[in-house]
Amino acid sequence: MHGITAFDPFGRRRPEHVNLAANRALAARLAEVGAEFHRAVGWYPEDQHPEPGFVAWGLDLDTARQVGAEFGQEAIFEIDATDVRVVHCVTDRVAGGPEIITVSVP
């Protein structure tokens, strides 16, 4: 499973309406690549800036990274039963740990 958002590419804050439109386009792109997905909100525990996005499954890591890069994201999240990894979209860098982020699914 992967966590992907279209909010605030490369950490540059944008108006809410721009981010929401980008997330709608991201949902369409996820459907286009054959992913199943659900709305979610992710944030780092120490961050007070949650970002709406999606948890998506049914796509491989390379496709998830590509979709993230298409939406200007520096990284996506790869989530499994025991770990959450931050996987950079442009480089091969990966960071992980079981408590690195919090995800809420509405």
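Summarising the geometry, atom CG belonging to Asp62 is positioned 11.0 Å from atom SG belonging to Cys89; distances are rounded to the nearest 0.5 Å. With rounding to the nearest 0.5 angstrom, the CG atom of Asp83 is 12.0 Å from the CZ atom of Phe77. The CG atom of Asp8 sits 4.5 Å away from atom CG of Asn19, with the distance rounded to the nearest 0.5 Å. To the nearest 0.5 Å, atoms NE2 (His2) and CD1 (Ile79) are separated by 8.5 Å. Met1 CE to Asp80 CG: the interatomic distance, rounded to the nearest 0.5 Å, is 9.0 Å.
Legend: residues meeting side chain to side chain donor-acceptor pair (under 3.5 Å) with Glu78, ordered by chain and number and at least two apart, are Arg85. Listed by chain and residue number, nothing satisfies the side chain to side chain donor-acceptor pair (under 3.5 Å) test with Asn23 (two or more places apart in sequence, or in another chain). With sequence neighbours left out, the side chain to side chain donor-acceptor pair (under 3.5 Å) criterion links Gln66 to Glu70. Checked against side chain to side chain donor-acceptor pair (under 3.5 Å), Asp60 has the following partners two or more places apart in sequence or in another chain: Thr63. With sequence neighbours excluded, no residue forms a ring pair (Phe, Tyr, Trp, His ring centres under 6.0 Å) with Phe71. Scored by the side-chain contact (heavy atoms from CB on, under 4.5 Å) test, Glu74 finds Phe10, His88 as partners (sequence neighbours excluded). Residues satisfying the side-chain contact (heavy atoms from CB on, under 4.5 Å) test with Arg24, not counting sequence neighbours, are Leu20, Ala21. In this structure, the ring pair (Phe, Tyr, Trp, His ring centres under 6.0 Å) partners of Phe54, at least two apart in sequence or on a different chain, are Phe37. For Glu16, the salt bridge (Lys or Arg N to Asp or Glu O under 4.0 Å) criterion is met by no residue, not counting sequence neighbours.
Smallest separation of non-hydrogen atoms from Ala6 and Leu26: N-CD2, 3.6 Å. Of all heavy-atom pairs spanning Ile4 and Ala64, the tightest one is CD1-O, 4.0 Å. The shortest heavy-atom contact between Ala56 and Leu30 is CB-CD2, 4.2 Å. Scanning all heavy atoms of the two residues, the minimum distance from Pro50 to Val41 falls at CB-CG1, 3.5 Å.
Here the side chain of Arg39 pairs no donor or acceptor atom with the backbone of Val55 at under 3.5 angstrom. Thr5 places a side-chain N or O within donor-acceptor distance of the main-chain N or O of Pro52, the cut-off being under 3.5 Å.
No side-chain heavy atom of Val86 sits less than 4.5 Å from a side-chain heavy atom of Ile76.
Val90 is not connected to Val67 by any chain of hydrophobic side-chain contacts under 4.5 Å among Ile, Leu, Val, Met, Phe, Trp and Tyr, and they are in different clusters.
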